[in-house]
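Reviewing the structure listed below.
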Amino acid sequence: MPGATFTAQHRGGSGPPLVCLHGFTDTWRTWELVLDALEQRHEVLAPALPGHAGGPPLGADAGGRALADAIERAMDDAGFATAHIAGNSLGGYVALLLAARGRARSVVALAPAGGWADGDLAYRGALAHFEAMREAVLAAAPHAEAIMATAEGRRRATQFTTTNFEHIPAELLAHQLRGAAACDGAPRMIEHARASGWPLEAAPVDCPVRVVWGTEDRVLPLPAAAAGYRAGPLARAEWVELEGVGHLPQLDVPLETAQLILGFTAA
């Protein structure tokens, strides 16, 4: 959008490769508060997803396979045959798709999308939320700095994503608001998800997986948003519930989130 700058990816640090994937309508900067810790032990690649601010445009396919294809290309360009992968929300879902393709050494999925049980139509509520939020962010984005200049504005901006917000820089929150408004692929991706859902591919996820979910997640609330994963492809994963934490643990409790990622990749 005019006046806003978005970059295609972040890369930094040294060590075994770690790919960090942001959620729907977010940007790679959602990882900013954990990057310093992660980059002390890993070479981190944090790309923008297709259809999102800074990312490549969506192609004909607006579904998960196309997103995973794009991240595979980014990994290939970076020279990563495999990597540890951390993903939040939609990024967590894409991380699991990549694991099913054999590209993940391990996965830490923070509130991954796509976890509803078969036949549960509650996912439509999440899609309706994003449709309503899109209208709101398009109206608010030109005033992002003014909104984030007050504690009340920052609380309203984060009410659906974090329970703890005082430590999040106002500039980062303004960037995220503008990034959500610049997510041109959102309408098509919502339409695709409404028609097709977000099924995992047939191949099993056989790398180590840690699933992390905040008990106060208002976007993908427990237990319904995780029921399908718990009963099916992630039944044998390690599950961690973060008491009092919202949908974006990497912003809500960055120190604890970094430790949860690093503890798992080290193991």
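- For Arg156, the CZ atom is loosely surrounded, since the number of other residues' heavy atoms within 6.0 Å does not exceed 12.
- Residue pairs meeting the side-chain hydrogen bond (donor to acceptor under 3.5 Å, both in side chains) criterion with at least one partner in residues 209-223, sequence neighbours excluded, are Arg210-Glu238, Trp213-Asp217, Asp217-His247.
- Legend: residues meeting salt bridge (charged side-chain N to carboxylate O under 4.0 Å, His left out) with Asp206, ordered by chain and number and at least two apart, are absent.
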Working for side chain to side chain contact (heavy atoms under 4.5 Å, CB included), residues Glu131 and Leu127: CA-CA 6 Å; Glu131 283 183 318; Leu127 298 178; 5.6 Å; no
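- Considering only residues two or more places apart in sequence or on other chains, His129 meets the ring pair (Phe, Tyr, Trp, His ring centres under 6.0 Å) condition with Phe160.
- With sequence neighbours left out, the side-chain contact (heavy atoms from CB on, under 4.5 Å) criterion links Gln40 to no other residue.
- Among pairs with a residue in residues 34-56, those fulfilling ring pair (Phe, Tyr, Trp, His ring centres under 6.0 Å) read His22-His52, Phe24-His52, His42-His84, at least two apart in sequence or across chains.
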Worked check of side chain to side chain donor-acceptor pair (under 3.5 Å) between Thr30 and Gln250: CA-CA 7 Å; Thr30 194; Gln250 68 274 16; 2.9 Å; yes
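- At a threshold of 4.5 Å between non-hydrogen side-chain atoms, the residues Pro16 and Thr265 do not count as touching.
- Every residue meeting the side-chain contact (heavy atoms from CB on, under 4.5 Å) condition with Ala157, not counting sequence neighbours, appears here in chain and number order: Met148.
- Residues that satisfy the salt bridge (charged side-chain N to carboxylate O under 4.0 Å, His left out) test with Glu191, not counting sequence neighbours, are absent from this structure.
- Taking the ring pair (Phe, Tyr, Trp, His ring centres under 6.0 Å) definition, one finds that Trp28 meets it with His10, sequence neighbours left out.
- Thr162 pairs by the side-chain contact (heavy atoms from CB on, under 4.5 Å) definition with Arg155, Thr158, Phe165, Ile168, Leu248, Leu251, Asp252, not counting sequence neighbours.
- For Asp69 and Arg101, the salt-bridge test passes: some basic side-chain N is under 4.0 Å from an acidic carboxylate O.
- Between Arg103 and Asp76 there is a salt bridge, since at least one side-chain N of the basic residue sits less than 4.0 Å from a carboxylate O of the acidic one.
- Sorted by first then second residue, the side-chain hydrogen bond (donor to acceptor under 3.5 Å, both in side chains) pairs that include residues 165-174, not counting sequence neighbours, are Arg29-Glu171.
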Hey, can you pull the donor-acceptor pairs under 3.5 Å for the side chains in residues 134-147, sequence neighbours left out?
{"unit_1": "Arg134", "atom_1": "NH1", "unit_2": "Ala180", "atom_2": "O", "d": "3.4"}
{"unit_1": "Arg134", "atom_1": "NH1", "unit_2": "Cys183", "atom_2": "O", "d": "3.3"}
{"unit_1": "Glu145", "atom_1": "OE2", "unit_2": "Arg178", "atom_2": "NH1", "d": "2.3"}

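- Residues passing the side-chain contact (heavy atoms from CB on, under 4.5 Å) test with Ala122 are Trp116, Asp120, sequence neighbours excluded.
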